[in-house]
Amino acid sequence: MAAERVVVDECRGVLFVYSDGAVERRAAPGFATPVRDDGSVEWKDAVFDAARGLGVRLYRPRERGGGRLPVFFYYHGGGFCIGSRTWPNCQNYCLRLAAELGAVVVAPDYRLAPEHRLPAAFEDAENALLWLASQARPGGDTWVAEAADFGRVFVSGDSAAATIAHHLAVRFGSASGRAELAPARVAGYVQLMPFFGGVERTPSEAACPDDAFLNRDLNDRYWRLSLPAGGATADHPFSNPFGPASPDLAAAEFAPTLVVVGGRDLLRDRALDYAARLAAMGKPVEALEFEGQQHGFFTIDPWSAASGDLMHAVKLFVDTDGGGGARLDG
């Protein structure tokens, strides 16, 4: 008799991994969130990697005046395992970003684990950024080219996608990397609650309650499903930027970087340590902590007071090309 087929891993009611190795995905997220689109932002979909069937959703304010707008990349989170540019929480956040930042917002998809383990997501994110650069050249999409200031590109992502932003900062953090993106230029990075890992538990991980939005069990499950097969641990360079086998970041030329931290986030300590270590190397990296906020608070409720404070800080960062610092007052 064949063994009974059972679920061995599940992520938020969307991803199911079975004992026979089969993977099942549900297209819609496991939560009901209405899209709040007041028409002030126009958007469309495009394809940036036809061979892999990967698309990008583009947003821009309907009323733009005469000037060109900064470009703000937003890679969705989901532990490298779930999520989509089409999900309502992503759509709502991108609509607000475009309206309040006054920016062209670029929201790409990327291949997901466990079908496509890391570094697949990093490779796709690189290709999305290179695709944007190609739009600045002859033959590019006029919908983007007529509105975008390609010299002011900001790369952002939440959770796992903030980890993507870190890898992009390193990947393009050299003269040769910047040349690949020309004529586009990355002016800054915004890491929203980066999803870093490590074998040794931090105090914020050890103290995380089981009912947290991102708890230890789900955190470990995401890494188990997304890291390379064959025994990779959370100290792998893909997850731990300061792990025993991770590359030395001293030579990387970071653009100004804002690291957003939640005071009640399981990942709080790793994000603060990351920002402090890079700042000690002389990198233009700053941490901004939101006391009392859990992981992903700004996509769980994009219109909360705390989400508004975050939007204010991100806008200040963009308006000053990362040079004005981020703060929550005035």
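None of the values given here were measured: they were computed from a predicted structure.
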Would Leu288 end up clustered with Leu278 when hydrophobic side chains under 4.5 Å apart are linked, directly or stepwise?
no

Does the Asn215 side chain pair with the main chain of Asp211, one donor and one acceptor, at a distance under 3.5 Å?
no

Just checking, is any N or O donor in the side chain of Asp158 or Tyr74 under 3.5 Å from an acceptor N or O on the other one?
yes

Can the ring centroids of Phe298 and Phe290 be said to lie less than 6.0 angstrom from one another?
no

Do Tyr222 and Phe213 sit in the same hydrophobic cluster, where Ile, Leu, Val, Met, Phe, Trp and Tyr count as joined when their side-chain heavy atoms come under 4.5 Å apart?
no

Measure the spacing between OG of Ser226 and CD1 of Ile82 and express it to the nearest 0.5 Å.
12.0 Å

With side chains defined as the heavy atoms from C-beta onward, is the minimum distance between Asp37 and Trp43 less than 4.5 Å?
yes

Quick check against the 3.5 Å criterion: does Arg60 have a side-chain atom that pairs as donor or acceptor with the backbone of Trp143?
yes

Once rounded to the nearest 0.5 Å, what's the spacing between atom CG of Leu218 and atom SG of Cys11?
6.0 Å

Nearest 0.5 Å, what's the OG-CG distance between Ser84 and Leu112?
8.5 Å

Measure from the side-chain N and O atoms of Asp124 to the backbone N and O of Arg111, and report whether any donor-acceptor pair falls under 3.5 Å.
yes

Are Tyr189 and Val259 in one and the same hydrophobic cluster, where Ile, Leu, Val, Met, Phe, Trp and Tyr link if side-chain heavy atoms are under 4.5 Å apart?
no

Are any of the side-chain heavy atoms of Asp210 and Asp217 separated by less than 4.5 Å?
no

Can a donor-acceptor pair be found, under 3.5 Å and without considering hydrogens, that links the side chain of Arg152 to the backbone of Val318?
yes

Arg277 to Phe242, cation-pi by 6.0 Å centre distance and 45° axis angle
yes

If you apply the rule side chain to side chain contact (heavy atoms under 4.5 Å, CB included), what do you find for Phe73 with Leu132, and how did you get there?
CA-CA 10 Å; Phe73 262 82; Leu132 176 79; 3.4 Å; yes

Stepwise side chain to side chain contact (heavy atoms under 4.5 Å, CB included) check, Leu272 with Glu289:
CA-CA 9 Å; Leu272 290 175; Glu289 183 171 358; 3.8 Å; yes

Looking only at atom types and distance, does a side-chain atom of Ser239 sit under 3.5 Å from a main-chain N or O of Phe196, one as donor and one as acceptor?
no

Nearest 0.5 Å, what's the NE2-CD distance between His166 and Gln191?
7.5 Å

Run the side chain to side chain contact (heavy atoms under 4.5 Å, CB included) test on Val186 and Leu129 for me, step by step, so that the C-alpha distance in whole Å, both residues' side-chain angles and the decisive distance to 0.1 Å come before the verdict.
CA-CA 10 Å; Val186 176; Leu129 193 52; 4.3 Å; yes

So do the side chains of Pro228 and His236 get within less than 4.5 Å of each other, counting heavy atoms only?
yes

Heavy atoms, side chains only, cut-off 4.5 Å: are Pro114 and Asp9 in contact?
no

For the atom pair CZ (Arg201) and CG (Asn219), what is the distance rounded to the nearest 0.5 Å?
6.5 Å

When you measure from the side chain of Arg221 to the backbone N and O of Glu10, does any donor-acceptor pair fall under 3.5 Å?
yes

Minimum heavy-atom distance Pro237-Pro247, with the two atoms named
CB-CD, 4.2 Å

Tell me whether the centres of the aromatic rings in Tyr110 and His76 are closer together than 6.0 Å.
yes

Sort out for me which residue in Trp223, Phe122, Phe80, Phe195 forms a ring pair (Phe, Tyr, Trp, His ring centres under 6.0 Å) with Phe238.
Phe122

Counting only N and O atoms by type, is there a donor-acceptor contact under 3.5 Å from the side chain of Asp141 to the main-chain atoms of Gln135?
no

Measure the CD-CZ distance between Gln294 and Arg268 for me, rounded to the nearest 0.5 Å.
15.5 Å

Taking the ring of Tyr93 and the ring of Tyr59, is the distance between their centroids below 6.0 Å?
no

Do Val199 and Leu227 belong together in a cluster built from hydrophobic side chains that touch within less than 4.5 Å?
no

Could you tell me which non-hydrogen atom of Pro183 sits nearest to which non-hydrogen atom of Ala136, and how far apart they are?
CG-CB, 3.6 Å

Go through the steps for Arg185 and Leu181 under the test side chain to side chain contact (heavy atoms under 4.5 Å, CB included), then give the verdict.
CA-CA 6 Å; Arg185 180 184 72 90; Leu181 292 175; over 6 Å; no

Quick check: does any side chain N or O of Trp87 sit under 3.5 Å from a backbone N or O of Ala27, one acting as donor and the other as acceptor?
yes

If you look at every heavy atom in Ala162 and Gly157, which pair is closest and at what distance?
CB-O, 3.3 Å

What I'd like to find out is whether the side chain of Asn127 reaches to under 4.5 Å of the side chain of Arg52, using heavy atoms alone.
yes

Got Leu101 and Phe154 here, is their nearest side-chain heavy-atom distance under 4.5 Å?
no

Heavy-atom distance under 4.5 Å between the side chains of Phe254 and Val170, does that happen here?
yes

Are Phe72 and Val260 linked, directly or through other ILVMFWY residues, by side chains that come within less than 4.5 angstrom of each other?
yes

Donor-acceptor pair, Ser204 side chain versus Asp269 backbone, under 3.5 Å?
yes

Any idea which heavy atoms bring Pro29 and Pro88 closest together, and the distance?
CG-CD, 3.9 Å

Heavy atoms only: give me the nearest Val106-Pro108 pair and the separation to one decimal.
O-CD, 3.4 Å

For Ala271 and Val261 the tightest heavy-atom approach is CB-CG2, 3.8 Å

Do Asn240 and Asp235 pair up side chain to side chain, a donor and an acceptor below 3.5 Å, judged on atom types alone?
yes

I'd like to check Glu126 versus Leu168 (side-chain heavy atoms, cut-off strictly below 4.5 Å). Are they in contact?
yes

Can a donor-acceptor pair be found, under 3.5 Å and without considering hydrogens, that links the side chain of Arg62 to the backbone of Gly39?
yes

